[in-house]
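The structure displayed is predicted, hence computed values, not measured ones.
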Amino acid sequence: MQAEKHSVMTGDTRKAVLEENKLEKKLCRLVGQAIGDFGMIEDGDKVMVCVSGGKDSYAMLDILLKLRERAPIHFEIVAVNLDQKQPGFSEEILPNYLTALGVPFHIENQDTYSIVKRVITEGKTTCGLCSRLRRGILYRVADELGATKIALGHHRDDILETLMLNMFFAGKLKGMPPKLRSDDGKHIVIRPLAYVPEKLLERYAVDMDFPIIPCNLCGSQPNLQRGAMKEMLRDWEKKYPGRVENLFRSMHHIVPSHLMDSEAFDFQNLEISTELSGIAARSAGDKAIDEAEIDELACGTVIQGSYNPSL
């Protein structure tokens with residue numbers, strides 16, 4: 001009986017290990033694909049990986065370290081944490097974790113928490129000011145460390161939530177780019193997790209037993225609209241499998257000629273003889289208003305694109 005029980009436990013353990021390895025490989029493929037698609041990391045780069053203590057940044061650092069081992073190029077990694085002096089934030093967890101990991105790191109101590117709490121009226125959203133303060137500090141630290149890229153841990157769902165927030169509340173078709181240049185032109189920010197669904201990161205954090213440090217500033221605010229967007233996406237994923245994937249794919253297929261931005265497409269000078277090229281030509285003229293095509297897509301046809309979550 002004991003031998004049989006031991007055999008079952010061994011089988012369960014083996015299955016868990018296989019699933020964990022499968023998840024790790026998928027994360028590595030998705031991150032590697034995003035890095036390649038958008039030219040995020042180049043030979044000789046020094047990548048400043050911003051680690052907050054949350055599941056996303058832990059996973060990003062872990063996957064980047066794994067990819068570096070097999071990459072055909074050489075690049076450095078330095079982990080950076082901004083200690084914002086939030087009440088209850090453990091100052092030892094990250095240094096101990098990063099030291100054990102053997103990765104170079106820098107802890108930047110700046111009391112932005114007190115600034116945000118002093119400036120923002122109670123009950124108002126703190127995210128905007130907090131984000132601006134963090135961004136300025138991280139840019140300065142990147143200069144001091146000689147970093148050529150700044151890696152942030154935003155994932156696919158963050159990008160979609162930002163798209164929806166801009167559409168619903170700002171009246172813009174604007175998301176969160178996988179790679180951007182700072183306004184002063186001195187820094188390149190990358191988001192290696194751009195193709196990774198949050199649910200995979202949640203599973204990976206459990207498998208890896210990351211020492212999660214909760215955020216008591218933005219994460220604790222009730223009734224944030226981003227939370228509403230997250231809930232909407234998760235509800236769609238349950239009720240209509242594939243809808244969220246297609247929503248994300250749509251960000252790879254922009255057709256300005258079938259939107260309404262006169263700065264993105266020259267509607268004023270569009271004539272019968274006008275030759276379309278590039279993005280406009282891809283839209284194939286008035287076929288974009290063919291409802292039969294939309295019905296066909298809704299019945300299961302997959303839109304092809306560079307983003308491939310099945311990898």
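Partner of Phe105 under the side-chain contact (heavy atoms from CB on, under 4.5 Å) criterion, out of Leu94, Thr99, Asn81: Thr99 alone. Of the residues Met60, His154, Arg156, the one that meets the side-chain contact (heavy atoms from CB on, under 4.5 Å) test with Arg191 is His154.
Under a hydrophobic-cluster definition in which Ile, Leu, Val, Met, Phe, Trp and Tyr are linked whenever side-chain heavy atoms come within less than 4.5 Å, directly or via other members, Met260 and Ile254 are assigned to different clusters. Hydrophobic clustering of Ile, Leu, Val, Met, Phe, Trp and Tyr side chains at less than 4.5 Å, counting indirect connections, unites Leu64 with Ile73. Tracing side-chain contacts under 4.5 Å through hydrophobic residues (I, L, V, M, F, W, Y), one reaches Ile107 starting from Ile77; they form part of the same cluster. The hydrophobic cluster containing Met164 also contains Leu259, counting ILVMFWY residues as joined when their side-chain heavy atoms lie under 4.5 angstrom apart, directly or transitively. Connection of Leu27 to Val206 is not established within any shared hydrophobic cluster, with ILVMFWY side chains joined at heavy-atom distances below 4.5 Å, either directly or through further cluster members.
In this structure, Leu61 CG and Leu65 CG are separated by 4.5 Å, a value rounded to the nearest 0.5 Å. Asp45 CG to Ile190 CD1: the interatomic distance, rounded to the nearest 0.5 Å, is 7.5 Å. One finds the SG atom of Cys50 at 9.5 Å from the CZ atom of Arg134 (value rounded to the nearest 0.5 Å).
Connectivity analysis of hydrophobic side chains (ILVMFWY, heavy atoms under 4.5 Å, direct or indirect) links Met48 to Val78, Val80, Leu82, Ile137, Leu138, Tyr139, Val141, Leu145, Ile150, Leu152, Leu180, Val189.
Of the N and O atoms on the side chains of Asn246 and Arg249, at least one donor lies less than 3.5 Å from an acceptor on the other residue.
Between the side chain of Thr162 and the backbone N or O of Gly175, no donor-acceptor pair lies under 3.5 Å. Asp143 contributes no side-chain N or O that, together with a main-chain N or O of Arg140, makes up a donor-acceptor pair within less than 3.5 Å. With hydrogens and angles ignored, the 3.5 Å screen pairs no side-chain donor or acceptor of Asp83 with any backbone N or O of Glu108. Of the possible polar contacts, one joining the Lys149 side chain to the Met40 backbone as a donor-acceptor pair under 3.5 Å is found.
Under the 4.5 Å side-chain criterion, counting only non-hydrogen atoms from C-beta, Val51 is not in contact with Tyr97. Counting only heavy atoms from C-beta outward, the side chains of Met251 and Leu160 approach each other to under 4.5 Å. Two residues are said to be in side-chain contact when any heavy atoms from C-beta on lie closer than 4.5 Å; Pro178 and Ile159 fail this criterion. Tyr58 is not listed as a side-chain neighbour of Tyr204, based on a closest heavy-atom distance of 4.5 Å or more. Here the side chains of Ser57 and Val49 are not in contact, with every heavy-atom distance at 4.5 Å or above.
Using a 4.0 Å cut-off between charged side-chain N and carboxylate O, Lys239 and Asp235 make a salt bridge. Using a 4.0 Å cut-off between a side-chain N of Lys or Arg and a carboxylate O of Asp or Glu, Glu42 and Lys179 do not qualify as a salt bridge.
Counting heavy atoms of neighbouring residues, nucleotides and ligands inside a 6.0 Å radius, atom CD of Glu144 exceeds 12 of them. Heavy-atom contacts from other residues, nucleotides or ligands closer than 6.0 Å to CG of Asp261 number more than 12.
Using cut-offs of 30° and 60° on the angle between ring planes, the pair Phe38 and His252 is tilted.
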